[in-house]
Amino acid sequence: MAGQSDSNMSLFSPEEIEFMAEDELVEIVPNLRMDSLNFICGDYGPFHPQLAAQVPLWLAAALKKRGKCTIRPLQWMSIENLAQVLELERDSHAFQSLPFHYLEISRLLFDHAREDIPDMYMVRSLIEDIRDVRFHKVETNLEKFTASTVTWKNMSAMEVNIIRAFAGRALQAFYKHDNEQQAADTDRMLDKQPQIPTDRPKRNLKPR
């Protein structure tokens, strides 16, 4: 099972990451009255026509598929915001702040609620451009990877998953090398210390 310790350093499949992203909350606008929906993960509702409510993305997609709601556009998915993020991504070595599951959320909305996303094709194009720029940064950073670069900020779930195996193995190699070097330095220091003779001749004690 992915997520357990193995030679792949707990890599997740894209489907597993998308499954985790479905727990992200979004706003829906119901078009009919519904009682509360009770699930193991929590209770949602009651729902009233034209009154916005927050639900997990998986529930929003299920209600949308049955024609019971519309999904409100997410603020970070506006063309203005995405265009600004893309420009900053291109001009900076740092990763810009986006939702941890921005790729999975947008893909799910494109699949299940494309008519609820203004200028959907432009939005999708911008997100694909942002993804390409950020993935190029990931590749560039891996080429310069050192133990001090593990504090990369604002990486998304998919980007973290890409570097998980490499970074884990690299850090293990760094720590192993450091420990071996420290042991070698300690041995050299001990070799340089003056040796105290332990075979001194015994002196006979004079009788009283």
K.L.:
Answer yes or no: is there a donor N or O on one side and an acceptor on the other, between the side chain of D116 and the main chain of I71, under 3.5 Å?
P.N.:
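Such a contact is found between D116 side chain and I71 backbone.
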K.L.:
Checking the side chain of S125 only, and the main-chain atoms of Y121 only, is there a donor and an acceptor separated by less than 3.5 Å?
P.N.:
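Side chain of S125 to backbone of Y121: no pair is present.
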K.L.:
Is the shortest side-chain N to carboxylate O distance from K64 to E115 below 4.0 Å?
P.N.:
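Here K64 pairs with E115 in a salt bridge, since their nearest N and O are under 4.0 Å apart.
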K.L.:
Salt-bridged, E159 to K137, with N to O below 4.0 Å?
P.N.:
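Not counted as a salt bridge, because no side-chain N and carboxylate O are separated by less than 4.0 Å.
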K.L.:
Please enumerate all residues that pass side chain to side chain contact (heavy atoms under 4.5 Å, CB included) together with F19, with sequence neighbours excluded.
P.N.:
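Partners of F19 under the side chain to side chain contact (heavy atoms under 4.5 Å, CB included) test: E22.
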K.L.:
Has the side chain of R134 got a donor or acceptor atom that lies under 3.5 Å from a matching backbone atom of Q96?
P.N.:
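Confirmed, R134 side chain pairs with Q96 backbone.
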K.L.:
Tell me if the NE2 atom of H48 is crowded by more than 12 foreign heavy atoms within 6.0 Å.
P.N.:
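Correct, the count exceeds 12.
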K.L.:
For F39, enumerate each residue passing the ring pair (Phe, Tyr, Trp, His ring centres under 6.0 Å) test, keeping only those at least two apart in sequence or located in another chain.
P.N.:
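Only W58 meet the ring pair (Phe, Tyr, Trp, His ring centres under 6.0 Å) criterion with F39.
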K.L.:
P118: what forms a side chain to side chain contact (heavy atoms under 4.5 Å, CB included) with it, not counting sequence neighbours?
P.N.:
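For P118 the side chain to side chain contact (heavy atoms under 4.5 Å, CB included) partners, ignoring immediate neighbours, are P73.
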K.L.:
Could you list all the side chain to side chain donor-acceptor pair (under 3.5 Å) pairs where at least one residue sits in residues 66-79, not counting sequence neighbours?
P.N.:
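For residues 66-79: E27-R72.
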K.L.:
Using a 3.5 Å distance criterion without hydrogens, assess whether the side chain of S92 forms a donor-acceptor pair with backbone atoms of E89.
P.N.:
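A pair under 3.5 Å: no.
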K.L.:
Can you list the residues that meet the side chain to side chain contact (heavy atoms under 4.5 Å, CB included) rule with H101, with sequence neighbours excluded?
P.N.:
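H101 satisfies side chain to side chain contact (heavy atoms under 4.5 Å, CB included) with I17, M20, A21, E24, E104, I105, A157 once adjacent residues are dropped.
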K.L.:
Just wondering, more than 12 heavy atoms not from Q54 lying within 6.0 Å of its CD?
P.N.:
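Atom CD in Q54 is packed in, count exceeds 12.
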K.L.:
For Q84, give me all partners under side chain to side chain contact (heavy atoms under 4.5 Å, CB included), at least two apart in sequence or on another chain.
P.N.:
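Per chain and number, Q84 pairs via side chain to side chain contact (heavy atoms under 4.5 Å, CB included) with L88.
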K.L.:
Would you confirm whether E16, through its side chain, and S13, through its main-chain N or O, come within 3.5 Å as a donor-acceptor pair?
P.N.:
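Looks like yes, one N/O pair under 3.5 Å.
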